[in-house]
Structures are given as structure tokens and as C-alpha cells.
Protein chains: 2
Amino acid sequence: MDKKQLILDAALRLFVEFGFHDTPTSKIAKEAGVANGTLFYFFPTKDDLVKALYIDLKTKMGGCVAESISEEMELKEILRGFYKTSLTWALDHQPEFTFLEQFNNSPYARSIAKVEMDIYTRPLLSLLQNGIDEGKLKHMDADLIYAIVSGHTFGVHKYLSGKTFLREEAEQVMDETFDLIWKLISF
Amino acid sequence: MDKKQLILDAALRLFVEFGFHDTPTSKIAKEAGVANGTLFYFFPTKDDLVKALYIDLKTKMGGCVAESISEEMELKEILRGFYKTSLTWALDHQPEFTFLEQFNNSPYARSIAKVEMDIYTRPLLSLLQNGIDEGKLKHMDADLIYAIVSGHTFGVHKYLSGKTFLREEAEQVMDETFDLIWKLISF
DNA sequence: GTCTATAAGAGGATAGAC
DNA sequence: GTCTATCCTCTTATAGAC
């Protein structure tokens, strides 16, 4: 397997367990089964490694969510797709999601250009704006609807990841809570 | 002023700007205007300082929220009080709130006993449970309602802190969004 | 591309005077 | 309680062979 990827994988595991700080590059290299110098061949600095990991995971998650959406669908079903796919990805990739959260709430987040940050929020945002303009969604600031939907998703994720559910149970919670949030934002 | 508090204040400022990692104890002492050794007199290790700061801020926020609640009130108004006070505190104490988020999403969070963590969630949780039992709130898992309300609050906070609002505007958003979430959870 | 060995320095923590 | 001075480890990053 690609050593670069091995390093990213090892970094993910260690960062989630010990944090950025308490994970020396030497341990990452060891965990990845590569030499210390090899890490710095691929990632000139530790910061570069952290950022690269973030971009990598963000891209993977974004790609997965985007894949699940078809242009043909009704707004409600598009949003349900977004919602369920995001939640499912987060549940199926808990370390990845934990890292993303850790990163987003750290000063590292400021080091990623804002433009780069909302590559993944923009599509959803314009979807919501269209919904508002077409009278399908409540006449509110699109940013507010976005924030509420994100917060809701976030909260439900916390609930689902805090207990152990069977697949079908989790799925049912997702559908029920989506109906709740849809009722909240739609006319 | 109390040197211990000066150190906590300085640590807050620096942690929020640079993160736990990129804030050496020497800088904290300098920023606080005390000697290096003084910091270690009050906080035996850097970790102790981080945790002490967390407890300090969590207590202050919790105290402020608890203060705003009167036993006499209707459930809806109690919850509105919780909601608005939390949001207002977070908006008025952005560095403090940022630090709390940073901490909650770091491996440090695991070092705080879980019991200690939900000192502040338990009252709200039992309030919700009562509401459910009395048929005022929807017949759902109290933990789920809690997660949804938290997520909603979190989302609205993100919205409010992301733009600049006049006091009255912010207040209006709080009231409107509370009505939305109340409608979502109540019968 | 990958490794080993090592330089260079930062930063947490202590000792001991006042 | 507070300060100064200092130790010493741990960690990032580089040099250079293969």
C-alpha cells in the first residue's frame, strides 16, 4: 500500500486518540511502519500533514454525500439524501468524523482558506435559497436555515453515536428526525 | 488582582488564538505578567491549568444559566430561559465559548470524569423527562430531545456569531427560533 | 523513495533565593 | 507566594547513504 496513505491512516488513529499535540511525528512514522524521514519526504512539516489529512477526509466525505444526490429529485428528497448520507457516513467513519470535528474546533481551521472551507456548504446553501425563492421553504435567511439544519444534523449524530443502535433503528431515527426538521423549515 | 485568575485569563486568550499546543507556559506567564515559576505554583502541570480553566468557565456559564431559571415558570418559559441565556452568554463570551468548544472536541475532554461533564446537562434532561411524562412534550427518548435542542441551540449560535447583529435583532432571532424548536418538540 | 543518524531548539518543570 | 535561573527531555526537521 501507498506509504503516503499509510502515514495518513496512522496519523488519523493517533490524532483521534491523543490529539495533535501529544502525537509526535516519530510515533506516526512508527505506527505507519515507515521511517521517520519518509514522513517528512511526503509532508514537509507536521502542519502540512495535519492539513493534508483534513483535506483528504473532507474530500472523501463530500464525495460520498454528493454521490447520493440526483438532480431529478424533489427538494425534500434531495435534502433527506444529504441528511441521511451525512449521518450514515459520520456513523460509519467515527474516527474520521472525530478528527474533522477536532480540526474544525481548533486554530488549525483558520489556516485553511475560507474559500476552501465552503466548497461543500455552497451547494447546499444555494439549494436552500432556491427552495426559499420557490416558496417551498419558509421565508427566512438561507444562512439561518442552513445553520439550523446543520445543528439538527449535528445533534442527531451526537444522539446516534452516543448509544448503540441496530442499522434499522438508526435508519428509523434518521427518517423521523428528518421529517421533524423538514416540518420546521418547510411551508 | 489575584495572580491565579490573571493566569487563567491569559491562558484563555492565548489558547483561543494559538491552541493548547502552540501556547507555551512561558508565554502564558508573560502574558499574565507573572513569573514562570508562579504559574507552576498554582498549576502543577500544564494539563492541570487547561482543566482548571475548563472547570472555571463551565461553572461560570452554568451558574449564569441556572440563575435565570425560576421554579415557578411553565416548562415552555423555563426552556426559553435556558435557551436565550445560553445563547446570550455564548455571544457575550465568545473567547470563553470558543475555548469550551475547543476543549470539548479535544482528547482533553476524556480526561474530565463523565460525572463531572453532565452536572449541567442533568437538570435540563430531567426537566425534559418531566415534560414528556406530563404529556407536554412529544413522546420521544428524552436524550433525543435533548440532543435536538442542543443541536438547534448550537446551530443558531453559529448563525448569530457569524454575522453582526444589533441586540434587538439577535433577541428577535432567538425568540423566533425558540418558537420553532418548541413547536418541534411539544405537542 | 526510503532509510538511519543526528542536529537544533523548544518548552515543561524544578531548585532555591527572597 | 513570587521570582530567577537552569536543567533536561522530547520532538521537529535535516543530512546524507542506499
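For the numbers below, each heavy atom of this structure counts, side chains included, while hydrogens, waters and symmetry mates do not. Letters A, B, ... mirror the listed sequences (proteins, then strands); counts begin at 1.
A salt bridge links B:D92 with B:R167; the closest basic N to acidic carboxylate O contact falls under 4.0 Å.
If you walk DNA chain D from 5' to 3' and mark each nucleotide with an atom closer than 4.0 Å to a heavy atom of chain A, the marks span D:dT11 to D:dT14.
Between B:K46 atom NZ and C:dG12 atom P there is a gap of 4 Å when expressed in whole angstrom units. Spacing between atom CG of B:N36 and atom P of C:dG12 amounts to 9 Å, rounded to whole angstrom units.
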Verdict with reasoning, B:R80 to B:K84, per side chain to side chain contact (heavy atoms under 4.5 Å, CB included): CA-CA 6 Å; B:R80 190 194 295 275; B:K84 290 179 72 174; 3.8 Å; yes
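If A:H21 and A:Y41 are placed on DNA chain C by their nearest nucleotide, the residue sitting closer to the 5' end is A:Y41.
Checked against the 6.0 Å centroid threshold, B:F154 and A:F154 count as a close aromatic pair.
Taking the six-membered ring where the residue is Trp, A:Y108 and A:F103 present parallel rings, their angle staying beneath 30° rather than reaching 60°.
Counting non-hydrogen atoms of other residues, nucleotides and ligands closer than 6.0 Å to NZ of B:K4 gives a total of 12 or fewer.
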